[in-house]
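All remarks here apply to the structure that follows.
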Amino acid sequence: MAATVPAPRLIDTDEPSSELLLGPDERAIRDAVRQVCAEHVAPHAARADEKGEFPAAQMTALADAGLAALLTPAAYGGAGASVVAYAAAMEEVTRACGSTSTVYMTQMHCAHPLELAGTEEQKARCLPALASCAVYGALCVSEPEAGSDVAAMRTVARRDGESYVLDGSKTFITTGDRADVLVVFATVDRAAGRDGITAFLVEGTPEGMRRGAPMHKMGLRGSTTAELYFDDCRIPVSAVLGAARDGYALSMESVVRSRISAAAQGVGHAVGAYAAAVSWATARGLLGPARRDAQRVQFRLADIRSRIAAARTLLLVTARLVDERPQDAVTDVSLAKLRCTTLGVDVAAECVDLLGEEGDLARWGVERRLRDSKVAEIYDGTSEVQRMIIARDVRRRGEAMGCP
Ligand SMILES: Cc1cc2nc3c(=O)[nH]c(=O)nc-3n(C[C@H](O)[C@H](O)[C@H](O)COP(=O)(O)OP(=O)(O)OC[C@H]3O[C@@H](n4cnc5c(N)ncnc54)[C@H](O)[C@@H]3O)c2cc1C
């Protein structure tokens, strides 16, 4: 018989050990995000999924509280917070709603290359608008024939006087159906591979740019994903972000932060699934002090909790490394992305299993977690790509020890 679903209540999933990794300002930001999410985000998560409803009101609530652009400097309307605070916040937003977290992180993924390479004018025009969610942003790298292998991109930018002319297409672009600030990567020289890649700031929908309809996806259904087509699309030379041919280095610099987003989503999905399983066990009376007979369920929850605690610690320590020594963080970020996104899928699947037939029902939200968590293993570099990066470092260390 199905148990009654209790009124939504925030199960305490904090651990004193990981709390130690947050400074007072970082904890205050995390707690503020948690509060906004409890009021304005979590209550709408099931509907956003069921109806494929874009979480605009949820994003506005975060922006109104000054929490939508944590990493953007205060001078451009952001909070100027640390990557540690951002990672803790992303865990909270994801726990509340996977779709909202995907839009939330994409605002940062778009803003970050602008912060790194934009002119003062580009930054002043676009960053405050992104921070207030007056506009949405998108980061446009992937193409039908260039996913993991970014250097294989075919979207060409041809110089013509004071313009560049874009031709090609981008695929699987988060918020691509509605973003008005788009960081688009294209090549000015296909033969040059990664050395031809250039980043452009595309604003609005210039003539020659067309947007596909949102794709119907397995999960994250409130977050839209669309194709973009460029056909003789003329943009001014001033739209170049940084310098021509510097795009690959810019994307590699940006990816260190965007992989932290995906890793935090992994932890957030795991926490969300775990909290739902605790609610379910509570509703069934399986957690009472006298329920020794429920030890099987309690042990599985204990095991999941210990894995979440380990992954969260790895996430926050890696985020601290990104704050303090981003140039040294590439392999560590891959370790965290691989471990945390795998955790998200594993814990979601285990919680579906733990709830038995009720795990298959939408009401507990664990089946949604399973659908939502999977793509974090794919975007921002698949798990295989993370293994390639880690293996490169394994080889380097082997060579340093004189391995033949
Ligand atoms: C929901 C969603 C949102 C997304 N949002 C964005 C976005 O906002 N902007 C954007 O630019 N992109 C976005 N993407 C695209 C995403 O970044 C790509 O899907 C990802 O980079 C993988 O590329 P691919 O799908 O072409 O797979 P492929 O690169 O074709 O890989 C297919 C399979 O082969 C494996 N593989 C590839 N190369 C190797 C190798 N050398 N060795 C071993 N195995 C390998 C991969 O791990 C994978 O399992 C999004 C994708 C999804 C699903």
Side-chain angles (χ1 to χ4, degrees), residues 48-49 52 54-55 94 97-113 130 136-155 166 168-187 193-194 197 199-200 202 211-230 241 247-248 250-252 254-255 257-259 261-263 265-266 269 334 337-338 341-342 344-345 368 370-392 395:
D49 174 63
F54 188 80
T94 308
C97 172
S99 293
T100 305
S101 75
T102 307
V103 180
Y104 184 85
M105 73 182 189
T106 302
Q107 292 291 86
M108 188 281 274
H109 298 176
C110 171
H112 189 220
L130 286 169
Y136 288 100
L139 184 75
C140 314
V141 181
S142 302
E143 298 183 3
E145 303 299 327
S148 302
D149 185 7
V150 172
M153 73 171 54
R154 293 181 181 183
T155 298
L166 295 176
S169 66
K170 294 286 167 186
T171 194
F172 279 94
I173 303 306
T174 301
T175 326
D177 62 321
R178 70 191 64 209
D180 278 323
V181 176
L182 301 103
V183 175
V184 178
F185 289 80
T187 177
R194 62 179 63 169
I197 295 175
F200 296 90
V202 175
R211 302 167 193 258
M215 298 162 165
H216 186 61
K217 309 195 300 288
M218 169 172 66
L220 302 178
R221 290 180 167 175
S223 150
T224 46
T225 311
E227 287 184 297
L228 300 174
Y229 307 94
F230 300 95
L241 267 184
Y248 188 78
L250 183 61
S251 76
M252 288 301 106
S254 298
V255 102
R257 281 190 178 182
S258 61
R259 286 180 182 158
S261 304
Q265 278 192 318
H269 285 308
S334 289
K337 204 245 172 196
L338 179 61
T341 57
T342 304
V345 179
R368 169 161 44 87
L370 185 52
R371 289 186 288 106
D372 281 357
S373 58
K374 183 62 194 173
V375 283
E377 289 186 322
I378 297 172
Y379 50 48
D380 288 308
T382 65
S383 291
E384 290 306 308
V385 167
Q386 307 315 317
R387 289 187 181 99
M388 278 164 51
I389 293 167
I390 298 161
R392 192 172 60 202
R395 287 196 302 275

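The figures here come from the full heavy-atom set of this structure, side chains too, leaving out hydrogens, waters and symmetry mates. First listed ligand is number 1; within each ligand, the first listed atom is number 1.
- The one candidate from Thr94, Thr102, Asp380 that meets the side-chain hydrogen bond (donor to acceptor under 3.5 Å, both in side chains) condition with Gln265 is Thr102.
- Residue-environment remark: CZ (Arg371) exceeds the threshold of 12 foreign heavy atoms within 6.0 Å.
- Between Arg259 and Ser334, the closest heavy-atom pair is NH1-OG, 4.3 Å.
- Summarising the geometry of Ala146 relative to Ala152, their closest heavy-atom pair is CB-C, 3.7 Å, with the distance given to 0.1 Å.
- Of all the atoms in ligand 1, the ones that sit under 4.0 Å from a non-hydrogen atom of Glu384 are 44 (N), 47 (O).
- Here the heavy atom of the protein found nearest to atom 2 (C) of ligand 1 is Tyr379 CD2, 3.6 Å.
- Checked against the 6.0 Å centroid criterion, the rings of Phe230 and Phe200 do not qualify as a close aromatic pair.
- Rounded to the nearest 0.5 Å, atoms OG1 (Thr106) and CG (Leu130) are 11.0 Å apart.
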Trace of the side chain to side chain donor-acceptor pair (under 3.5 Å) decision for Glu384 with Ser148: CA-CA 9 Å; Glu384 290 306 308; Ser148 302; over 6 Å; no
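- Distances below 4.0 Å separate heavy atoms of Ile173 from the following atoms of ligand 1: 7 (C), 8 (O), 9 (N), 10 (C), 11 (O).
- Protein heavy atom closest to atom 8 (O) of ligand 1, with residue, atom name and distance, is Thr174 N, 3.0 Å.
- Atoms OH and NE2, from Tyr379 and His109 in turn, are 8.5 Å apart once rounded to the nearest 0.5 Å.
- Here the heavy atom of the protein found nearest to atom 47 (O) of ligand 1 is Thr382 OG1, 2.6 Å.
- The shortest contact between atom 9 (N) of ligand 1 and any protein heavy atom is with Leu139 O, 2.8 Å.
- Protein heavy atoms are absent from the 4.0 Å sphere centred on atom 35 (C) of ligand 1.
- Residue contacts with ligand 1 for His109 are absent, since no atom lies close enough (heavy atoms, distance under 4.0 Å).
- The closest protein non-hydrogen atom to atom 37 (C) of ligand 1 is Ser148 OG, 3.6 Å.
- By the definition of a contact as any protein heavy atom under 4.0 Å away, atom 23 (O) of ligand 1 is in contact.
- Nearest heavy-atom pair across Ala151 and Ile197 is CA-CD1, 3.9 Å.
- Each of the atoms 40 (C), 41 (N), 42 (N) of ligand 1 lies under 4.0 Å from some heavy atom of Met388.
- By the definition of a contact as any protein heavy atom under 4.0 Å away, atom 17 (O) of ligand 1 is in contact.
- Summarising the geometry of Pro113 relative to Leu139, their closest heavy-atom pair is CG-CD1, 4.0 Å, with the distance given to 0.1 Å.
- Closest to atom 6 (C) of ligand 1, if we only count protein heavy atoms, is Phe172 O, 2.7 Å.
- Of the candidates Cys140, Ser142, Cys110, Ser142 brings a heavy atom nearest to atom 10 (C) of ligand 1.
- Ranking protein heavy atoms by distance to atom 26 (O) of ligand 1, first place goes to Gly147 CA, 3.3 Å.
- The protein does not reach atom 32 (C) of ligand 1 closely, with no heavy atom under 4.0 angstrom from it.
- The closest protein non-hydrogen atom to atom 20 (C) of ligand 1 is Ile378 O, 3.6 Å.
- Here the closest heavy-atom approach between residue Phe185 and residue Met153 is recorded as O-SD, 3.5 Å.
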